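Working notes, structure below.
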Amino acid sequence: MKFGEVQQSARHYINGRWETGTTTGISTNPSDTREVVSEYARADRNQTELAIRAASEALPHWSHSTPQRRADVLDQIGSEILARKDELGMLLAREEGKTLPEGVGEAARAGQIFKFFAGEALRVQGETMASVRPGIQVDVTREPVGVVGIIAPWNFPLAIPAWKIAPALAYGNTVVFKPAELVATCGWALAEIISRCGLPAGVFNLVMGSGREVGQTLVDHPLVHALSFTGSVATGERILQSAAARRAKVQLEMGGKNPLVVLADADLDRAVDCAVQGSYFSTGQRCTASSRLIVEAPVHDAFVARLRHRIAALKVGHALEQGIEMGPVVDQGQLELNQSYLEIGRNEGAEHVWGGELLERPTPGHYMNPALFLARPEHRIAREEIFGPVACVLQADDFDHALALANDTPFGLCAGICTSSLKHAMHFKRNAEVGMTMVNLPTAGVDFHVPFGGRKGSSYGPREQGRYAAEFYTTVKTGYVLA
Ligand code: TXE
């Protein structure tokens, strides 16, 4: 069966078996809303509890499996994803609306993440220390946290689940995975591969359905020891309250309002390139998108003119069409939200530079032009995460002002700067109140083998990805031995 081409019927994967749902949902193609991508199973509370119990029962065995066994499973999953990256990328493009090259790139990244954590399974480290008391040996070892509930968003339907599922399994945890409903088929495709790579029944479970029912059941269930969530701030906060009340371990990745600072000494072509890629690629639907372009006064007008020229030439259309640079918005709700922010921007007095119009294409889809505004720091379009192809330029008097503007946000995911000054680049790296900084690079686009996450309102709990993922997916035990 090829993932990319035909209409799929997607079932849950619970305790090693494929199960129909209590109801079904329909996933459609945002590039052509007449096209059904799948009819997928939707679970209720009872079915979700079955998956949680299966994960709980599988835990003792899997948590004691050898690192080699886990490495082999993860390596096999990674190999199959990489071998099928074109079909997976096509499915992703059809269901989420990323362009085909973006979809294939994301699928490849998901495969690489599984390969990386195959290696990490063999490298679980501890410490041995001298005791402060005579004759005693002390060691610190890492153990799995237990059953992990994984709640994923729609914007990276393969990579985000991969960077949560792979470390969870690598460190000996069992998993219940709930994809976002808009991209249930991608979640199912990932599960279909995982189901054939040698895991015992119950170690990995897929349950699709609503956040309110499936997600909330995971959040509240006493058998779920840890929750890894990526999504909106409002949902993240709700999950944090519930998880904290029952003392479950929790990791949240939420929004961003990331700045890209452009100093007067920057290579302006590169700066415009960074802005286009960071603000508009993937239709601006990335938590790392640069939606605030903070530009030093001497180059402000030249930068805006060049950026306007570039985005006016961006090719917007069907995600599978060759040469398309920006696909559709993911769904009607997000399209309306983006449009409402254009209105808010205009009403608050931000200057509309270009774009934002709804577009007609040969197929009915959620198409809009990329939009650019000149804004002031207090404008809502400069403060709130929109999650669409809408960016604004803020003018800065000098470097210090630019840095202050960059940090003037409740979010703290990432921040970029374009400059030829080493001094300013280093100062910015040190003083930007974020989890990730980029110099002369777009804010979006990160490696998979290093930590990912932010500060302030963007993130909560230990970082994801790279070897730092062990902080969340393991718990440490201190052992004392009188020899
Ligand atoms: O997010 P939700 P949505 C932002 C972006 C977007 C907005 C809404 O601004 O416009 O969020 O997107 C599950 N208990 N981001 O509605 O609701 C839900 O089913 C447990 C930014 O998709 O947060 C889905 O699987 N789970 C972000 C996941 O949570 C619940 C990426 C995310 O859904 C739940 C995505 C509950 N009570 C959206 N309610 C980024 N910055 O990366 C929902 N869910």
Side-chain angles (χ1 to χ4, degrees), residues 25 27 30 40 42-43 45 48 52 95-98 106 149-157 159-161 163-164 176-184 186-187 206-221 224 227-243 245-246 248 250-258 282-291 329-341 366 380-381 383-390 409-414 434-436 443-444 446 452-454 456-460 464:
S27 156
Y40 61 91
R42 297 180 84 242
R45 194 182 169 82
T48 310
I52 295 170
E95 190 167 50
E96 196 266 354
K98 282 200 175 82
E106 182 178 333
I150 291 176
I151 300 173
W154 48 262
N155 62 326
F156 283 92
I160 291 180
W163 81 52
K164 295 179 189 291
V176 181
F177 164 45
K178 188 204 104 54
E181 288 205 78
L182 285 175
V183 292
C186 285
L206 165 79
V207 215
M208 295 166 285
S210 77
R212 221 163 2 99
E213 191 147 14
V214 177
Q216 198 64 48
T217 303
L218 282 173
V219 171
D220 293 336
H221 204 287
V224 177
L227 291 151
S228 183
F229 165 85
T230 303
S232 65
V233 175
T235 305
E237 277 173 1
R238 205 169 314 129
I239 289 176
L240 180 60
Q241 300 299 330
S242 312
R246 65 175 188 86
V250 60
Q251 173 184 62
L252 309 172
E253 288 301 338
M254 299 170 288
K257 193 71 188 174
N258 309 295
S282 301
T283 323
Q285 298 170 154
R286 295 188 282 193
C287 51
T288 49
S290 28
S291 45
V329 172
V330 73
D331 72 349
Q332 185 62 29
Q334 186 67 50
L335 185 70
E336 283 168 14
L337 188 70
N338 298 343
Q339 293 292 317
S340 76
Y341 271 104
H366 311 298
R380 282 180 63 193
I381 56 165
R383 304 206 71 80
E384 297 171 13
E385 183 180 52
I386 300 172
F387 222 58
V390 183
T409 166
F411 295 108
L413 188 57
C414 53
V434 292
M436 299 175 285
T443 56
V446 294
F452 178 95
K456 292 158 68 176
S458 288
S459 306
Y460 180 86
E464 302 202 75

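Side chains are part of it too, since the values below use all heavy atoms of this structure and drop only hydrogens, waters and symmetry mates. Quantities reported herein were computed from a predicted structural model and do not represent experimental measurements. Every number for a ligand or one of its atoms is a count from 1 in the order of the listing.
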Among protein heavy atoms, which lies nearest [atom], and at what distance?
atom                    : result
atom 27 (C) of ligand 1 : G231 O, 3.4 Å
atom 28 (C) of ligand 1 : A152 O, 3.5 Å
atom 37 (N) of ligand 1 : Q216 OE1, 2.8 Å
atom 13 (C) of ligand 1 : I151 CG2, 3.6 Å

* Is the closest basic N to carboxylate O distance between R42 and E213 below 4.0 Å? ->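 Salt bridge flag = no for E213 with R42.
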
* Is E384 salt-bridged to K257, going by a charged N under 4.0 Å from an acidic O? ->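 Result for this pair is no, no salt bridge flagged.
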
I'd like to check whether [X] has a polar contact with ligand 1, where a contact means an N/O of the residue lying under 3.5 Å from an N/O of the ligand.
X    : answer
Q334 : yes
S210 : no
I239 : no

Closer than 3.5 angstrom, by distance alone: can the side chain of [X] be matched with the main-chain N or O of [Y] as a donor-acceptor pair?
X    : Y    : result
E106 : A159 : yes
D331 : P30  : no
T230 : P153 : no

* Given the protein's heavy atoms, is any one of them under 4.0 Å from atom 25 (O) of ligand 1? ->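 Yes, because at least one protein heavy atom sits under 4.0 Å from atom 25 (O) of ligand 1.
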
* Is there a protein heavy atom less than 4.0 Å away from atom 41 (N) of ligand 1? ->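 Yes, because at least one protein heavy atom sits under 4.0 Å from atom 41 (N) of ligand 1.
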
As a check for students: among [options], identify the option with a heavy atom nearest to [atom].
atom                    : options                : value
atom 7 (C) of ligand 1  : P153, S458, G211, S232 : S232
atom 18 (C) of ligand 1 : K178, M208, E253, E181 : K178
atom 32 (C) of ligand 1 : I386, T235, T230, N338 : T230

* Asked: From R45 CZ over to D220 CG, what is the distance, rounded to the nearest 0.5 angstrom?
  ->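 Going from CZ on R45 over to CG on D220, the span is 6.5 Å.
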
Atoms in ligand 1 flagged as close to [X], the criterion being non-hydrogen separation under 4.0 Å:
X    : answer
M254 : 40 (C), 41 (N)
R238 : 37 (N)
W154 : 3 (P), 12 (O), 22 (O)
A180 : 25 (O)

* To do: Evaluate the criterion side-chain contact (heavy atoms from CB on, under 4.5 Å) for residue pair V329 and N338; output intermediate values, then yes/no.
  => CA-CA 9 Å; V329 172; N338 298 343; 3.6 Å; yes

* Test log, rule salt bridge (Lys or Arg N to Asp or Glu O under 4.0 Å), inputs E464 and K164 -> CA-CA 8 Å; E464 302 202 75; K164 295 179 189 291; 3.1 Å; yes

* Lys NZ or Arg CZ of K98 over F156 ring: under 6.0 Å, within 45° ->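 That pair qualifies as a cation-pi contact.
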
* Asked: Hey, does F156 sit under 4.0 Å from ligand 1 if you only count heavy atoms?
  ->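 No, F156 has no heavy atoms under 4.0 Å from ligand 1.
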
* Does a side chain donor of either E237 or Q241 reach within less than 3.5 Å of an acceptor in the other side chain? ->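 Looking only at side-chain atoms, Q241 and E237 do not form any donor-acceptor pair under 3.5 Å.
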
* To do: Verify whether one side chain among T217 and T48 offers a donor that lies under 3.5 Å from an acceptor in the other.
  =>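 Note: T217 and T48 side chains miss the donor-acceptor criterion.
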
